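Heads up, the thing below is written out as structure tokens.
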Amino acid sequence: MIAGRYTLEREIGRGGMGAVWLGRDEMLGRPVAIKRLGAVPGQDPDDRERAERAEREARLAARLSHPHVVAVYDLVEQDDQQYLVMEHVDGTNLSGYLRAEGPLSPDRAAQLLGQAAEALAAAHEAGIVHRDVKPSNMLVTSDGQVKLSDFGIARAEADPSLTQTGLVTGSPAYLAPEVASGATATARSDVWSLGASLYHALAGHPPYEVSDNVLGALYRIVHEEPPRVDEPGWLGPLLRATMCRDPEQRWDMATVRDVLQQGPGAAGPLPVPSGDDTRSMEEIAPVNTGAQPTVIPGSGAPDSPGTPQRRGRRAALVPLALGAAVLAVVVVIAFAVGQGRDPGDEGPTAAASSPEPTTSSASEDPTPSPSEGPTAADIEEFAADYVQTAASDPAAGYAMLTPAYQRASGRLQGYTGFWGSVREVRDFTMKGADPVAGTATYTYTYRRAGTGTVTETVELTLQEQPDGGFLISDARTI
């Protein structure tokens with residue numbers, strides 16, 4: 001007997017957050033699901049975190065009184081253990097359902113996933129981001145009702161812990177690219193995860209095979225085009241609009257809900273990301289898991305007050321997240337992922353974002369006119385000044401990114417997550433500047449808190465601006 005009220009009958013599930021038992025509420029005479037969690041808050045950080053998650057799940061679920069959300073009834077403690085008492089759903093999860101049924105038709109997949117989308121739309125309206133949307137967290141009853149469970153890593157938008165840089169939560173096969181790269185999960189990240197779950201329902205398998213190679217899966221999510229189902233039927237546009245690498249181009253959850261619930265007629269007139277979102281992944285969510293951080297500059301923003309024109313236009317070096325030298329990656333629920341990094345990959349160049357500057361021509365006037373384009377000296381000066389700016393004033397460095405690379409950098413938070421920890425930049429040496437290609441190559445050494453000293457050779461691709469300044473549109477380590 002737990003808390004003088006609940007009896008445990010048998011274990012019915014187990015996951016990264018604890019064991020789940022079928023129990024009985026003796027006071028009300030009804031079956032319940034009881035999740036046994038870690039110890040109550042004490043000196044052990046893991047115990048405190050488990051307790052905080054339990055309390056958070058209870059609070060958030062209580063805010064979501066919804067027919068497609070598993071209800072939380074109680075949170076009790078006994079003998080230094082915490083127990084979350086929940087609605088018992090008699091059935092299986094969607095993952096088990098798909099193992100038994102195989103790939104679903106578009107109509108059947110929409111019927112099931114539409115219910116999860118309805119629950120998530122309500123959560124988003126209440127300011128809650130689930131952050132671990134996946135088939136195993138969607139419970140399916142014998143009569144086809146779906147209930148979304150496990151808000152254990154969900155956060156309210158006002159929760160300050162959402163701003164904790166470098167915390168990646170969720171299950172790898174269903175993570176949105178920006179989350180896999182270390183950015184904070186948003187409601188649009190849940191949209192991607194629901195789309196990935198829909199992919200699983202239509203294809204009969206997850207969009208990304210993880211097995212033991214978690215970091216490899218994260219690398220593919222960030223760097224490769226999203227996989228597509230061979231015959232998605234009328235759900236093809238919805239899959240493209242949810243598994244779209246640019247969060248700003250994804251539909252919101254309310255639109256996804258409406259399309260899934262209204263059927264084929266709703267999908268046609270709605271906006272779908274142009275093409276297959278073919279921009280390079282580095283324009284949206286850079287990732288690096290190699291021995292040294294890959295440098296990716298970002299996009300332009302208005303010049304900071306009092307900043308010289310050239311300095312205000314410089315882009316920043318953004319090491320790609322996923323590892324000990326960039327961002328700590330923590331994968332919650334099924335397992336935890338230790339720190340690591342992808343091999344330093346130069347990645348594709350941003351398409352149509354790096355127009356070639358015009359080559360300088362000889363003139364009797366020693367001062368080049370705007371039509372003559374930048375010189376090698378201009379590019380060298382820009383590159384040298386940029387690195388020092390980014391290291392000394394990350395906000396000013398961030399203002400030197402193109403819009404695409406500001407997104408790729410994880411916005412200001414992701415950008416300053418790296419440059420804010422750089423303690424010293426030294427031994428900057430220019431290797432070359434090419435005005436025709438618009439590139440600058442240099443070697444530099446930096447020291448970063450918690451990482452040590454790193455030496456890199458970087459090639460920046462610059463985008464000339466109408467006022468004669470530059471923005472960095474691409475970068476790679478050499």
Side-chain angles (χ1 to χ4, degrees), residues 9-23 30-35 57 60-61 64-73 84-123 130-154 170-171 173-174 190-207 229 232-235 238-239 242 253 256-263 333-334:
E9 296 182 2
R10 58 185 172 86
E11 186 175 319
I12 57 175
R14 182 176 291 271
M17 296 293 291
V20 180
W21 289 69
L22 174 63
R30 64 181 176 183
V32 292
I34 302 175
K35 182 186 293 186
E57 181 169 358
L60 294 178
L64 289 174
S65 178
H66 192 278
H68 296 300
V69 173
V70 175
V72 171
Y73 299 141
L84 197 62
V85 183
M86 303 172 293
E87 172 187 7
H88 175 245
V89 180
D90 188 11
T92 184
N93 60 38
L94 182 59
S95 183
Y97 183 90
L98 294 172
R99 282 195 298 271
E101 298 291 330
L104 304 182
S105 68
D107 288 350
R108 180 57 175 159
Q111 182 184 29
L112 295 176
L113 273 296
Q115 298 177 60
E118 183 179 341
L120 287 166
H130 188 285
R131 306 205 304 168
D132 196 26
V133 176
K134 59 182 178 181
S136 61
N137 279 340
M138 301 174 192
L139 305 183
V140 185
T141 66
S142 57
D143 61 352
Q145 294 297 303
V146 173
K147 289 180 176 285
L148 188 64
S149 70
D150 211 336
F151 280 79
I153 64 170
S171 299
Y174 307 94
D190 281 353
V191 170
W192 169 286
S193 298
L194 185 78
S197 299
L198 178 63
Y199 178 105
H200 187 163
L202 293 170
H205 58 80
V229 178
W234 64 271
L235 290 175
L238 187 143
L239 278 174
T242 52
M253 193 63 74
V256 175
R257 174 201 61 202
D258 292 345
V259 171
L260 289 171
Q261 293 184 349
Q262 294 173 22
I333 298 296

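The figures here come from the full heavy-atom set of this structure, side chains too, leaving out hydrogens, waters and symmetry mates. Just so it is clear, the model here is predicted, and its values are computed rather than measured. Position 1 is the first residue of the sequence; numbering continues from there.
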How many angstroms lie between [atom1] in [X] and [atom2] in [Y], if you round to the nearest 0.5 Å?
{"X": "Lys147", "Y": "His68", "atom1": "NZ", "atom2": "NE2", "answer": "7.5 Å"}
{"X": "Leu94", "Y": "Ser197", "atom1": "CG", "atom2": "OG", "answer": "7.0 Å"}
{"X": "Glu101", "Y": "Leu112", "atom1": "CD", "atom2": "CG", "answer": "9.5 Å"}

My understanding is that only one of Val69, Val256, Val191, Asp190 makes a side-chain contact (heavy atoms from CB on, under 4.5 Å) with Leu120; could you say which?
Asp190
Looking at Leu113, Val229, Leu98, which hits side-chain contact (heavy atoms from CB on, under 4.5 Å) with Leu202?
Val229
Taking side chain to side chain donor-acceptor pair (under 3.5 Å) as the cut-off, I'd like each qualifying pair that reaches into residues 198-207, sequence neighbours left out, listed once.
Tyr174-His200
Grab the two heavy atoms, one from [X] and one from [Y], that are nearest each other, plus how far apart they are.
{"X": "Pro103", "Y": "Ala203", "result": "CG-O, 3.6 Å"}
{"X": "Pro106", "Y": "Leu235", "result": "O-CD1, 3.4 Å"}
{"X": "His66", "Y": "Ala122", "result": "CD2-CB, 3.7 Å"}

When you look at Glu118 and Met253, which way does the side chain to side chain contact (heavy atoms under 4.5 Å, CB included) test go after all the steps?
CA-CA 8 Å; Glu118 183 179 341; Met253 193 63 74; over 6 Å; no
Working note: Val32 + Tyr73, criterion side chain to side chain contact (heavy atoms under 4.5 Å, CB included); need CA distance, chi angles, decisive distance, verdict.
CA-CA 9 Å; Val32 292; Tyr73 299 141; 4.0 Å; yes
Donor-acceptor pair, distance only, cut-off 3.5 Å: does the side chain of [X] make one with the backbone of [Y]?
{"X": "Ser149", "Y": "Asn137", "value": "yes"}
{"X": "Gln115", "Y": "Gly144", "value": "yes"}
{"X": "Glu87", "Y": "Val70", "value": "no"}
{"X": "Asn93", "Y": "Met138", "value": "no"}

Can you list the steps and then say if Leu139 with Tyr97 is a side chain to side chain contact (heavy atoms under 4.5 Å, CB included)?
CA-CA 9 Å; Leu139 305 183; Tyr97 183 90; over 6 Å; no
The salt bridge (Lys or Arg N to Asp or Glu O under 4.0 Å) partners of Arg30 (sequence neighbours excluded) come to Asp25
Could you check whether any side-chain heavy atom of Leu84 comes within less than 4.5 Å of a side-chain heavy atom of Val72, counting everything from C-beta outward?
yes
Taking the side chain as every heavy atom from C-beta outward, state whether Gln145 and Val140 have any pair of such atoms under 4.5 Å apart.
no
Tell me, with the steps shown, if Ile34 and Val20 meet side chain to side chain contact (heavy atoms under 4.5 Å, CB included).
CA-CA 6 Å; Ile34 302 175; Val20 180; over 6 Å; no
Between Ser105 and Asp107, a side-chain donor and acceptor under 3.5 Å
no
